[in-house]
Amino acid sequence: MQMAELMVSDGWKDAGYEYLCIDDCWMAPERDSKGRLQADPQRFPSGIQHLANYVHSKGLKLGIYADVGNKTCAGFPGSFGYYDIDAQTFADWGIDLLKFDGCHCDSLTSLADGYKYMSLALNRTGRSIVYSCEWPLYMRPFQKPNYTDIRYYCNHWRNYDDVYDSWESIKNILTWTTTNQKEIVDVAGPGGWNDPDMLVIGNFGLSWDQQVTQMALWAIMAAPLLMSNDLRQISSQVKALLQNEDVIAINQDPLGKQGYCFRKEDNIEVWEKPLSNLAWAVAVRNLQEIGGPRSYTIQVSSLGQGIACNPGCIVTQLLPVKERLGFYEWTLTLKTRINPSGTVLLRLDYV
């Protein structure tokens, strides 16, 4: 409830953050006499519906957690055998987003069938509920995920391990994404998104430049922006990064295209993302973690599949600080300077 208050009073809602999500461990250890999930009486003494009403009164939406298998990852009641009743319970409570985990599932068939069934069960309730899946994450060790199916049934889906509040974790997610981008980038679009997991900006594990890198590349990846942090203890610098309207606009661009890494050389990665109105976002990431800032020069003609600045474009640096770099012709080079483990995020507007 405090987070909901802060989301409104501290400008998060105005910046576009609208879902307040509860993760695992919210449940009582047993279902009620009618087989329905119930909230832990100590943690949620007034119940989930009361919380949903409060969150809605702030103009926000409430997300909740459940599991496709027999138990949740933390051992609370799973939804297997109860998909219809759980979907209806969530709808009755006023839930707006369901994160559906994949622990304790006894076969790949029941995993896939469960994710499909819950999607249909949620729709049958008549309530609009965002459906966040972990289907490909649990499928991948055994067989290649069918992203056509996953996109049909889910609104966003986790492909890789849980994020932790550490730079190692962020690097692993980005490495996995670049390695597998041919498989996942084209699947994303309005209505269905790859989810590289939560933003850990504002916690303890990342340096400032590493926080900039996570924000910039989550925007390039068109990732759901879900913060895992404590809004009661957040610096003004971090708040400005997470609420940066220019960066959020890249993330939320209506064209709905996921960006990709198109060049890696000399410990530099260059990512790009097509935007509406023929604009492009470009991120230049310094993979080196020691030494000082590094200069990197790139041919303007190589950006945006060769068309971003043909014949010219206006380049604006958005991160780490906003700076208008001016007009660039197709034949010019663009020079950037990137801190160790940092990223420079640029916007190219077609002229």
Side-chain angles (χ1 to χ4, degrees), residues 3 6-7 10-12 15-17 19-21 23 137 156 158-179 181 193-248 250-252 258-259 261 264 267-271 273 281-294 296 317-323 336-346:
M3 292 298 158
L6 286 169
M7 282 177 74
D10 285 4
W12 301 100
Y17 294 92
Y19 289 88
L20 181 78
C21 300
D23 218 314
L137 167 63
H156 45 91
R158 285 270 311 283
N159 296 300
Y160 186 67
D161 297 346
D162 286 354
V163 71
Y164 287 86
D165 182 22
S166 80
W167 180 231
E168 200 64 29
S169 174
I170 301 299
K171 285 194 296 184
N172 290 342
I173 290 168
L174 292 171
T175 300
W176 186 91
T177 302
T178 54
T179 306
Q181 61 185 11
W193 311 96
N194 291 296
D195 179 7
D197 210 2
M198 292 172 281
L199 298 168
V200 292
I201 297 164
N203 292 319
F204 308 95
L206 306 187
S207 72
W208 173 246
D209 287 299
Q210 292 161 0
Q211 293 179 79
V212 168
T213 291
Q214 192 186 22
M215 191 69 186
L217 290 174
W218 262 237
I220 290 275
M221 291 189 289
L225 298 184
L226 291 161
M227 301 180 291
S228 178
N229 55 23
D230 187 344
L231 300 181
R232 295 167 299 192
Q233 299 169 19
I234 210 158
S235 72
S236 55
Q237 185 185 33
V238 164
K239 182 177 163 187
L241 176 62
L242 286 164
Q243 294 187 8
N244 187 308
E245 61 183 6
D246 297 315
V247 181
I248 290 171
I250 286 171
N251 173 262
Q252 297 284 309
Q258 179 168 337
C261 178
K264 183 176 177 179
N267 270 326
I268 297 281
E269 277 181 356
V270 188
W271 295 58
K273 174 189 194 316
V282 173
V284 187
R285 177 183 169 209
N286 181 359
L287 302 183
Q288 273 189 203
E289 299 178 15
I290 56 171
R294 299 178 64 209
Y296 182 73
Q317 178 181 296
L318 303 180
L319 291 174
V321 290
K322 188 169 183 177
E323 187 181 346
T336 53
R337 188 172 166 83
I338 320 108
N339 289 345
S341 71
T343 298
V344 169
L345 181 64
L346 306 166

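Worth saying up front: this structure is predicted, and the values here are computed from it rather than measured. Only heavy atoms go into these numbers, but all of them, side chains included; no hydrogens, no water, no symmetry mates.
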Over all atoms of both residues, closest heavy-atom pair of Leu217 and Ala283: CD2-CB, 3.9 Å

Counterpart residues, side chain to side chain donor-acceptor pair (under 3.5 Å), relative to Ser341 (two or more places apart): Gln210

Residues that Trp208 engages under ring pair (Phe, Tyr, Trp, His ring centres under 6.0 Å), provided they are two or more places apart: none

Residues in ring pair (Phe, Tyr, Trp, His ring centres under 6.0 Å) contact with Tyr17, at least two apart in sequence or another chain: Trp12

Atom pair OH/CD1 of Tyr164 and Ile173 - distance to nearest 0.5 Å: 10.5 Å

Distance, nearest 0.5 Å, that separates CG of Leu319 from CG of Asn244: 5.5 Å

Side-chain touch Leu346/Thr336, heavy atoms, less than 4.5 angstrom: yes

Leu345 vs Val212 side-chain heavy atoms within contact, under 4.5 Å: no

Partner residues of Lys264 under the side chain to side chain donor-acceptor pair (under 3.5 Å) criterion, sequence neighbours left out: none

Smallest separation among heavy atoms of Ile248 and Ala15, with atom names: CD1-O, 3.6 Å

Main-chain N/O of Gln288 paired to Asn267 side chain as donor or acceptor, under 3.5 Å: no

Heavy-atom side-chain contact between Asn286 and Asn339 under 4.5 Å: no

Donor-acceptor pairs under 3.5 Å, side chain of residues 221-232 to any protein atom, not counting sequence neighbours: which ones?
{"from": "Asn229", "atom 1": "ND2", "to": "Ile201", "atom 2": "O", "distance (Å)": "2.9"}
{"from": "Asp230", "atom 1": "OD1", "to": "Arg232", "atom 2": "N", "distance (Å)": "2.9"}
{"from": "Asp230", "atom 1": "OD1", "to": "Arg232", "atom 2": "NE", "distance (Å)": "3.0"}
{"from": "Asp230", "atom 1": "OD2", "to": "Arg232", "atom 2": "NH2", "distance (Å)": "3.2"}
{"from": "Arg232", "atom 1": "NH1", "to": "Gln2", "atom 2": "OE1", "distance (Å)": "2.7"}

Gln233 side, atom CD; Leu6 side, atom CG - distance, nearest 0.5 Å: 10.5 Å

Set of residues satisfying salt bridge (Lys or Arg N to Asp or Glu O under 4.0 Å) with respect to Asp161, sequence neighbours excluded: none

Nearest-0.5 Å distance, OG1 of residue Thr177 to CG of residue Asn159: 7.5 Å

Non-hydrogen side-chain atoms of Pro196 and Trp218 separated by less than 4.5 Å: yes

Salt bridge (Lys or Arg N to Asp or Glu O under 4.0 Å) partners of residues 204-226, not counting sequence neighbours, each pair once: none

Partners meeting ring pair (Phe, Tyr, Trp, His ring centres under 6.0 Å) with Tyr296 (sequence neighbours left out): none

Expected output: side-chain Asp197 to main-chain Val163 donor-acceptor under 3.5 Å: yes

Shortest non-hydrogen contact between Leu242 and Met215, atoms and distance: O-CE, 3.7 Å

Tyr19: partners by side-chain contact (heavy atoms from CB on, under 4.5 Å), with sequence neighbours left out: Cys21, Lys61, Asp96, Leu97, Val130

Salt bridge (Lys or Arg N to Asp or Glu O under 4.0 Å) against Arg294, all qualifying residues, sequence neighbours excluded: Asp266

Heavy-atom side-chain proximity of Thr175 to Tyr160 below 4.5 angstrom: no

Partner of Asn194 under side chain to side chain donor-acceptor pair (under 3.5 Å), chosen from Gln258, Gln181, His156: Gln258

Test side-chain contact (heavy atoms from CB on, under 4.5 Å) applied to Leu174 and Thr178, step by step: CA-CA 6 Å; Leu174 292 171; Thr178 54; 5.6 Å; no

Heavy-atom closest contact (Ala219 atom, Lys273 atom, distance): O-CE, 3.4 Å

Nearest heavy-atom neighbours spanning Val344 and Pro320: CG2-CD, 4.1 Å

Pairs flagged by salt bridge (Lys or Arg N to Asp or Glu O under 4.0 Å) wherever residues 282-291 is involved - sequence neighbours left out: Lys171-Glu289, Glu269-Arg285

Results of side chain to side chain donor-acceptor pair (under 3.5 Å) for Asp195 - residues two or more places apart only: none

Inter-residue atom distance Thr213.OG1 - Leu206.CG, 0.5 Å rounding: 9.0 Å

